[in-house]
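Structure, as structure tokens:
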Number of protein chains: 2
Amino acid sequence: MENHEKPHFGYIYPRPAVTTDCVIFGFDMTEELLKVLLIERGIEPFKGRYALPGGFIKIEAKTNEYGLVVEERNESLLECAKRELKEETGFDVQNIYELGTWSTPGRDPRCITITDAYYALVTIQPVRGGDDAADAKWVPLYQVLNTIKNLPEGMRFLAFDHDEIITAAHIRLQQQLCFEPLAFKLLPKRFSMSTLQKLYEAILEKNFDRRNFARKMLDSGILDVFPTESRNINYQLNLEKYEEFKRTGRLSNLIF
Amino acid sequence: MENHEKPHFGYIYPRPAVTTDCVIFGFDMTEELLKVLLIERGIEPFKGRYALPGGFIKIEAKTNEYGLVVEERNESLLECAKRELKEETGFDVQNIYELGTWSTPGRDPRCITITDAYYALVTIQPVRGGDDAADAKWVPLYQVLNTIKNLPEGMRFLAFDHDEIITAAHIRLQQQLCFEPLAFKLLPKRFSMSTLQKLYEAILEKNFDRRNFARKMLDSGILDVFPTESRNINYQLNLEKYEEFKRTGRLSNLIF
DNA sequence: CAGAAAACGCGTAATTTTAACACAAAACAA
DNA sequence: TTGTTTTGTGTTAAAATTACGCGTTTTCTG
């Protein structure tokens with residue numbers, strides 16, 4: 001977000017700066033917690049506060065004689081956001097979805113800034129021992145949300161308006177779970193039923209009966225079954241079956 | 001979208017132009033059809049084609065010595081979008097929600113343009129005899145969607161990438177119907193049960209049994225009952241009851 | 001206006017889905 | 001080993017969904 005502040009020529013029709021921010025969700029299988037990736041800001045504004053990873057969109061394009069951007073970029077906002085994430089957090093994010101824009105006046109003290117927010121689903125690699133990005137940190141979502149909820153009126157926990165963004169991202173995740181197989185993008189290819197249940201419980205903030213949950217999942221037919229060496233069973237999403245499940249309109253059976 | 005093309009000074013860090021487009025849904029009670037408001041473009045590009053109402057955001061702000069926008073706007077993107085709609089279609093839209101951004105390279109042949117898309121829910125006033133905006137037209141949604149679906153590969157019906165936007169808006173409307181009382185924002189304050197059902201059927205593209213639909217709605221308790229002169233009964237949303245319905249987690253009972 | 005057709009309100013029964021809980025074998029921890 | 005937890009497999013009662021029947025009122029149409 002920094003090297004945007006170099007001097008440049010003024011222009012008559014001011015345009016807002018455009019940035020992207022991303023709520024990266026990950027499911028910590030060992031702690032059985034849904035977490036988000038936050039970054040400690042090293043510079044002002046909000047130096048020392050945690051923030052969502054993101055930054056200014058850098059458009060590589062030329063302007064015509066009127067100052068209008070004419071040369072085609074070779075990427076969309078989404079692709080920009082992906083590239084930024086790669087640069088900033090080292091994550092090669094595949095499952096990323098748009099959340100919405102934030103443009104409240106004054107949200108960025110430096111200049112008028114519109115943020116296009118995303119949320120992404122990644123599998124937290126069990127590479128214990130040191131996170132990649134030095135100042136990046138996986139924080140339990142429920143802790144962040146609780147902190148935000150209990151904040152005194154007018155106070156904020158995260159930098160900028162990231163409190164709102166992360167809250168909205170969680171709600172969206174909860175809702176989209178009804179329509180898309182999002183949970184499976186937070187898990188390794190194969191997983192146990194209890195892990196899947198723990199994840200659903202973490203996302204929806206609800207507890208389910210173990211046996212009813214398993215039956216519902218299995219009856220839906222969207223899971224392939226894989227025995228293991230032990231008596232335990234592993235499962236894997238069958239995407240074709242899921243899509244058929246959607247087509248045949250029985251999706252509401254998977255809503256909890 | 002027009003008076004943005006006046007010449008102005010170039011700038012080093014090009015920023016994309018930001019526009020808003022809005023899918024305005026309305027329910028035609030006489031025809032029992034869900035419709036969208038489209039505007040015939042009078043100028044290039046896409047002259048003569050239909051498009052979503054919308055246009056460039058005009059930021060009234062001053063820039064500092066570096067050309068950065070520093071003076072606070074007194075409105076957000078959403079408020080901008082509302083104002084634009086008022087100007088362009090005469091609609092004083094209250095129920096408007098963000099849909100997402102579209103920023104595919106080349107989507108606007110004039111310059112790099114990011115669109116923040118919205119969808120709005122209005123009650124079509126039974127002011128028969130001449131639409132307000134001369135070139136604005138209420139078109140049945142199903143006709144638009146069918147036309148788009150059956151288009152040859154690579155061809156488009158509406159201007160720009162508005163085919164995609166309107167399709168996405170319909171999907172979002174279908175989904176949000178599960179979580180918010182959106183249908184009632186398309187109806188007058190009081191309505192008959194069959195009208196409500198016709199609306200649900202139009203949005204979800206599904207047919208329901210008349211008696212089962214009514215029971216489900218009435219059992220939920222979100223409707224207040226009003227007898228009429230005739231034997232028929234009118235209903236009205238009780239927002240408090242709806243919110244309580246949500247809190248007590250019984251919302252899934254209203255999903256069809 | 002009269003007869004037909006459609007719309008409306010009220011109801012029942014069969015089926016499916018959900019919710020709550022029992023039990024035993026395997027895995028785990030001390 | 002022993003007590004505890006986890007996992008797989010049931011059962012049953014309650015609730016919700018689905019598919020209709022029926023008589024009356026309203027609306028349409030010739």
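Every heavy atom of this structure was used, including side-chain atoms; hydrogens, water molecules and symmetry mates were not. In what follows, chains carry the letters A, B, and so on, assigned in the order in which the sequence lines appear, proteins first and then strands, with residues in each chain numbered from 1.
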Next item on the list: Select from A:Ser192 and B:Asn212 the residue whose nearest nucleotide in DNA chain D is closer to the 5' end of that strand.
Entry: A:Ser192
Checklist line | Side chain to side chain, A:His162 and A:Arg156, heavy atoms closer than 4.5 Å | finding: no
Next item on the list: Rounded to the nearest angstrom, tell me the gap between atom CG in A:Asp219 and atom P in D:dG10.
Entry: 12 Å
Checklist line | ring-ring contact (aromatic ring centres under 6.0 Å, His included) contacts touching residues 214-236 of chain A (sequence neighbours left out) | finding: none
Note to self: Expressed as a whole number of angstroms, how long is the span from B:Tyr235:OH to C:dG9:C1'?
What the structure shows: 8 Å
Notebook entry, point to check: Can you check whether B:Ser230 has a side-chain N or O nearer than 4.0 Å to OP1 or OP2 of D:dT25?
Noted result: no
Next item on the list: Take atom CE of B:Met217 and atom P of C:dC8, then tell me their distance rounded to the nearest Å.
Entry: 16 Å
Margin query: Need to verify one output field. Residue with the more 5' nearest nucleotide on DNA chain D, B:Leu254 or B:Asn232?
Written below: B:Leu254
Notebook entry, point to check: If you find the nucleotide of DNA chain C closest to A:Asp209 and the one closest to A:Glu229, which residue's nucleotide is nearer the 5' end?
Noted result: A:Asp209
Item checked: Protein-nucleotide distance (A:Phe208, atom CZ; C:dT17, atom P), rounded to Å -> 18 Å
Next item on the list: Measure from CZ on A:Arg210 to P on C:dA19 and round the result to the nearest Å.
Entry: 17 Å
Notebook entry, point to check: Of the candidate nucleotides C:dA20, C:dG11, C:dA26, which contains the atom at the shortest distance from the side chain of A:Arg231?
Noted result: C:dA26
Check: Is A:Asn238 close to A:Ile222 at the side-chain level, that is, under 4.5 Å between some pair of heavy atoms?
Finding: no
Checklist line | Atom-to-atom span, CG of A:Leu218 to C1' of D:dT7 - whole angstrom | finding: 13 Å
Checklist line | CG on B:Asn95 to CD1 on B:Ile24, rounded to 0.5 Å | finding: 12.0 Å
Checklist line | Distance in angstrom units between B:Lys198 NZ and C:dA7 P, rounded | finding: 6 Å
Margin query: Nearest to the A:Arg215 side chain among D:dT11, C:dC8, D:dA19, which nucleotide is it?
Written below: D:dT11
Note to self: Less than 4.5 Å apart, side chain to side chain, heavy atoms only: is that true for A:Tyr97 and A:Leu182?
What the structure shows: yes
Check: B:Lys216 side chain N/O closer than 4.0 Å to the phosphate oxygens (OP1, OP2) of D:dA16?
Finding: no
Next item on the list: Round to the nearest Å and state the distance from A:Arg211 atom CZ to C:dT18 atom P.
Entry: 17 Å
